[in-house]
Amino acid sequence: MHIDPQTLSPGRRYFLMISAIVPRPIAWVGTNNEAGGHNLAPFSFFNAFSATPPVVGLGFSPTESKPGKDTLLNIRRTGELTISICDLQHGDQLHESSAELPYGEDEFAATKLTPAFGSVVSAPFVKEAPVSMECRLRQVIEFEESGGAMILADVLMFHIRDTLIDARGAIDPHRLKPLARMGGGRYASLGEIFKLPSYGQLPD
Ligand SMILES: Cc1cc2nc3c(=O)[nH]c(=O)nc-3n(C[C@H](O)[C@H](O)[C@H](O)COP(=O)(O)O)c2cc1C
């Protein structure tokens, strides 16, 4: 089968993208809203794009009910965000934090999560998360066709739970237990983890 994405409706195109590109990591993004309150929402159009400098990217897709995501609005205004990685234990709260609450309503309070604060940006991160990053906006790329956008952000500080670090000083994926996003509202945990022979050396 061959599919030209231009021939699909926006809904079908979205479904194809999120079903084909799996599993996706999920950025649990904390920002400050205009009145100084907190905002939290998950985004799975997310990945790392550079290690030097450490840069991550996020994609924002407008929906009919919410053309401008509060998160993007806050990032544009403050230039700051945090990204937490969610473990399997907090999947329900992550999903709940995607509810389209009116601007200014705090998803930390709504989902009974604890806002924590780092040393570089004033945006909150999820205290219960095993890994969090403090980030600063680097670039916004607009998608004129839809009104959507993607951002690139520099990671300025990592916060990592001590018990995740293995004897080599790396994050042990078995202890991290990250939640991943599939298509059609499905989530996934890590399956089998295996090494190819030429990989696995930790650099100096
Ligand atoms: C697991 C998950 C991943 C999501 N990924 C994205 C995404 O990558 N881009 C996007 O625009 N919305 C995504 N959403 C929807 C947003 O989380 C949702 O629209 C949320 O209400 C946005 O919150 P905000 O308006 O406070 O920013 C995702 C939802 C879930 C549950």
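This structure is a prediction, so every number in the text was calculated from the model and none was measured. Order of appearance sets the numbers: ligands from 1, and atoms from 1 within every ligand.
Two residues are said to be in side-chain contact when any heavy atoms from C-beta on lie closer than 4.5 Å; Trp28 and Leu40 meet this criterion. Two residues are said to be in side-chain contact when any heavy atoms from C-beta on lie closer than 4.5 Å; Thr71 and Leu81 fail this criterion. His95 places none of its side-chain heavy atoms less than 4.5 Å from the side chain of Leu179. Looking at Phe60 and Met150, their side chains never come closer than 4.5 Å, going by heavy atoms from C-beta outward. Put simply, the side chain of Ser189 does not reach to within 4.5 Å of the side chain of Lys177, judged on heavy atoms. You'll find the side chain of Asn33 reaches within 4.5 Å of the side chain of Tyr103, heavy atoms only. No side-chain heavy atom of Thr163 sits less than 4.5 Å from a side-chain heavy atom of Arg175. Within the 4.5 Å cutoff, no side-chain heavy atoms of Glu80 are placed close to those of Cys135.
When the options Asp154, Ile151, Val56 are evaluated for a side-chain contact (heavy atoms from CB on, under 4.5 Å) with Arg138, the one that passes is Asp154.
The protein heavy atom nearest to atom 9 (N) of ligand 1 is Gly59 O, 2.9 Å. Scanning the protein heavy atoms around atom 17 (O) of ligand 1, the nearest turns out to be Pro42 O, 2.8 Å. The nearest protein atom to atom 27 (O) of ligand 1, hydrogens excluded, is given as Thr71 OG1, 2.5 Å; this is a heavy-atom distance. The closest protein non-hydrogen atom to atom 5 (N) of ligand 1 is Ser44 N, 2.9 Å. When hydrogens are left out, the protein atom nearest atom 23 (O) of ligand 1 is Ala41 CB, 3.3 Å; that is the closest non-hydrogen contact. The protein atom (non-hydrogen) at minimum distance from atom 26 (O) of ligand 1 is Asn39 ND2, 2.9 Å.
Those atoms of ligand 1 that come under 4.0 Å of a heavy atom in Ala99, given as number and element, are 21 (O). Close approach of ligand 1 to Lys66 (heavy-atom distance below 4.0 Å) involves ligand atoms 25 (O). With ligand atoms numbered from 1 in the order given, ligand 1 contributes 24 (P), 25 (O), 26 (O), 27 (O) to contacts under 4.0 Å with heavy atoms of Asp70. For ligand 1, the atoms lying closer than 4.0 Å to a non-hydrogen atom of Phe60 are 11 (O).
Taking a 4.0 Å cut-off on heavy atoms, Gly148 fails to register as neighbouring ligand 1.
Between atom 18 (C) of ligand 1 and the options Ser61, Ser97, Gly91, Ser98, the minimum heavy-atom separation is to Ser98. Compare Phe45, Tyr14, Tyr187, Phe43 by their heavy atoms: the one nearest to atom 10 (C) of ligand 1 is in Phe43. For the residues Met182, Glu100, Arg181, Glu96, the heavy atom positioned nearest atom 2 (C) of ligand 1 is part of Arg181. Atom 12 (N) of ligand 1 has its nearest heavy-atom neighbour, among His95, Glu107, Arg186, Lys69, in Lys69.
Seen from the ring of Phe45, Arg24 does not count as a face-on cation partner, given the 6.0 Å and 45° thresholds.
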